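Have a look at the structure below, then the notes.
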Amino acid sequence: MKFNKKVLENGLTVLHERRDVPVTTVMLATKYGAAYESKEEKGISHFIEHLCFKGTEKRTVKDIANEVEKVGGILNAFTGDEITAYYVKLPSEHLRTAMDVIFDIFFNASFPEVEVEKEANVICEEIKMCHDNPLIHVRKKIKNNLYEAPFGNFIAGSKETVRSMTRGQLFEKHREVYVPKNSVLCVVGNNDFEEIVALAEGFCVERKGGEIKLPEIQFQSLKSVEKRGDLHQASLALGFHFPYINQKGRYVAEIFSTVLGFGMSSKLFSEVREKRGLAYSVRSELDLGKNYGYMVIWAGTEADKVGEVVKISLGEFKKMGEISEEELKEAKIQIIGNRHVESEGSSETAVNLILEEASGDAEDYYNYEKNINEVTLNNIKELAKISEYASFSLEP
C-alpha cells in the first residue's frame, strides 16, 4: 500500500491509495451535504445526487450506466450530512472510463426539466418507504430528538420541501457547491498516481467557488413516543450527545460504542438478549462528524418491555465507567481488527479517506491504530458520566 495526496491548481484535492489488486474504486465527493441546508431547502443535497444520474451535456441516462456496466463496473452515490459522494468500482484497467463518467456526472449534470418532477416523485416514495420501515423511522426520529431543525430533519427532506424545489434552484445550488475547491477525488486501486492526476486535470472543469461554511448545529434532548396500530413490536432508540471537540474524542467514542453495543460479545447484547431474552436485535451505533457526534442504542422488543430495556441500557451505559484495563485492552484489539477487516474493501477505504479529508487530513486514516491505542481508561470513564439523553419509541 502506498498513499499519495495532491491539491491541483484549480483546488481539487486528489487522494490515492495504491493496492496490488485488479479492482479500483474512483470516488468524487463535494464537501456539502444535508448539514449545510436551511429548513426550506432540506433535502436539496439528496435531490441533486439523484439528478446527477439523469444526464449530462454529452451523456444520456442510459449512456452513463452502459459505459460503466459493460466493463463489469458498478456505479452509485450517497448523501451524508457533510459530504455527497459518487463512485465507480471496476477493473483497474478501465480507470479512464471511471474517471470520465464520474467527472461528467459530478460537474456537468444537465438537470432536464422533465426529470426534476419525475425524480421528486421518486424521492417522495423513498420518504414514504423510510416512514413505513420501523428501524429507519426510529433512526430518523432519534436524530430529530437530539438536534433542532434543520440539522435534526431527515436527510431526504419532506414531501413538501422536495416538491417545492425548482429546476433552476437545484441547478444553481449544484453549480455553487460542485466546484473543484470544494471537492475531493479518491482513487483506491492498482493505478499510477501520475495517471490519476493527469486524468483529473483533463476531466475537471474550471469553476470558481470555495468551501461552504457549516451552519451552527443546535442540540436538544427530547423524549417522545409514536403509536401505530399495524406493528407487532416496539422499536426503541436512545440517543446520547458525544463530545467531539477534538479528534481524540472520536476514538474514545468508537471504543465506548464497541464495548457497549457492537456485536454478540457486547454488554448490551449480553444483558438484553442473552440473559433476559428481551430483544432479537440490540446494538449501539455512532454518527460522528466534524462538528457533531452522537451515539444511538437501538432495540426491538415487546411494547410492555420498553421501560425495562431502557433501564438496562442506561445502566450498562453508566457501568462503562467501571470497565477494567484488561477490558479496554481487549476492546482496542477488537476495534483495530474491525478496521482491518473493513479496509479490505476499496470503496470502504475511499469513503473513510474522504471523510478524514473533509474533517481535517486524509493521512489521519493511517494513524488509526496509534490514536485508538492512546485512549485511556479515564477517557472512557469520563464519557460514561453523561446522564442527559434523548429517546424515541415506535410502539403498537
Side-chain angles (χ1 to χ4, degrees), residues 33-35 37 39 42-50 76-85 119-163 217 220-241 257 261-263 268-269 272-273 278-289 292-303 305-306 309-310 313 348 351 355 389-396:
E37 300 165 348
K39 291 180 184 179
K42 199 63 183 181
I44 197 168
S45 301
H46 179 252
F47 204 159
I48 289 171
E49 177 220 308
H50 276 235
N76 213 331
F78 64 88
T79 302
D81 276 310
E82 297 182 331
I83 65 169
T84 306
E119 209 56 31
N121 291 332
V122 169
I123 294 171
C124 286
E125 291 304 313
E126 181 181 356
I127 292 170
K128 293 177 193 174
M129 177 191 72
C130 293
H131 177 271
D132 291 348
N133 183 310
L135 179 55
I136 297 176
H137 184 67
V138 166
R139 285 171 171 164
K140 179 179 71 173
K141 294 296 289 185
I142 193 63
K143 184 181 178 184
N144 189 244
N145 282 7
L146 284 165
Y147 298 95
E148 294 182 11
F151 183 75
N153 293 350
F154 186 35
I155 280 179
S158 65
K159 289 180 283 186
E160 293 72 26
T161 58
V162 169
R163 291 199 184 281
I217 297 172
Q220 59 186 13
S221 295
L222 306 181
K223 298 174 177 62
S224 59
V225 178
E226 183 179 321
K227 299 281 187 178
R228 287 192 194 172
D230 58 344
L231 299 176
H232 300 288
Q233 182 188 59
S235 293
L236 164 72
L238 299 173
F240 304 83
H241 292 291
S257 181
F262 183 77
L268 288 175
F269 193 93
V272 176
R273 174 170 165 162
L278 293 173
Y280 170 73
S281 182
V282 57
R283 64 175 295 158
S284 61
E285 298 174 344
L286 286 173
D287 190 348
L288 304 175
Y292 70 94
Y294 65 95
M295 187 189 77
V296 174
I297 295 173
W298 179 89
T301 188
E302 292 183 41
K305 302 295 185 183
V306 168
V309 174
V310 170
S313 299
E348 289 81 359
V351 171
L355 288 173
Y389 67 94
S391 69
F392 177 81
S393 59
L394 180 64
E395 302 175 9

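As the structure is a computational prediction, the values presented were derived from the model and not from experiment.
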From the options L278, V310, V272, select the one residue that forms a side chain to side chain contact (heavy atoms under 4.5 Å, CB included) with T301. L278
Any side-chain heavy atom of R163 within less than 4.5 Å of one from N121? yes
Would you give the length of the straight line joining atom OG of S224 to atom CD1 of I142, rounded to the nearest 0.5 angstrom? 7.0 Å
So do the side chains of F392 and H137 get within less than 4.5 Å of each other, counting heavy atoms only? yes
How far does OH of Y280 sit from CZ of R273, to the nearest 0.5 angstrom? 6.0 Å
Of all the heavy-atom pairs spanning A234 and V306, show the shortest one and how long it is. CB-CG2, 3.7 Å
Treating K42 as the side-chain partner and P150 as the backbone partner, does any N or O pair qualify as donor plus acceptor under 3.5 Å? yes
Can you give me the closest heavy-atom contact between L288 and G293, atom names plus distance? CD2-CA, 3.7 Å
Quick one: are T84 and I48 in side-chain contact, heavy atoms under 4.5 Å? no
Partner residues of Y147 under the ring-ring contact (aromatic ring centres under 6.0 Å, His included) criterion, sequence neighbours left out: F151, F219, H241, Y294
Gap between atom CG of L135 and atom CG of L394 - 0.5 Å precision: 10.5 Å
4.5 Å side-chain heavy-atom contact, I297 and Y389: no
Nearest 0.5 Å please: distance from the NE2 atom of H46 over to the CD atom of E37. 10.5 Å
For the pair E395 (side chain) and L236 (backbone), establish whether a donor and an acceptor sit closer than 3.5 Å, ignoring hydrogens and angles. no
If every non-hydrogen atom of G263 is compared with every non-hydrogen atom of F269, which pair is closest and at what distance? O-CB, 3.6 Å
On a heavy-atom basis, the closest approach of A156 and V162 is O-CG2, 3.4 Å
If only atom types and distance count, is the side chain of R283 paired as donor or acceptor with the main-chain N or O of G261 below 3.5 Å? no
Nearest 0.5 Å please: distance from the CG atom of L238 over to the CG atom of L146. 10.0 Å
For G300 versus A279, what's the shortest heavy-atom pair and its separation? O-CB, 3.1 Å
Who are the side chain to side chain donor-acceptor pair (under 3.5 Å) partners of E125, not counting sequence neighbours? K128
Could you check if a side-chain atom of F262 sits within less than 4.5 angstrom of a side-chain atom of S257, using non-hydrogen atoms only? no
Here the gap from K223 atom NZ to N145 atom CG, rounded to the nearest 0.5 Å, amounts to 9.0 Å
Are S45 and T79 linked by a side-chain donor-acceptor pair shorter than 3.5 Å? no
Can you tell me which residue pairs pass the salt bridge (charged side-chain N to carboxylate O under 4.0 Å, His left out) test with a partner in residues 135-161, sequence neighbours excluded? D81-K143, R139-E285
Please examine the side chains of Q233 and L231, heavy atoms only from C-beta on, and report whether any two atoms are closer than 4.5 Å. no
Y292 vs D287, side chain to side chain contact (heavy atoms under 4.5 Å, CB included): CA-CA, chis, key distance, verdict: CA-CA 8 Å; Y292 70 94; D287 190 348; 2.9 Å; yes
Any side-chain heavy-atom pair from N144 and N153 closer than 4.5 angstrom? yes
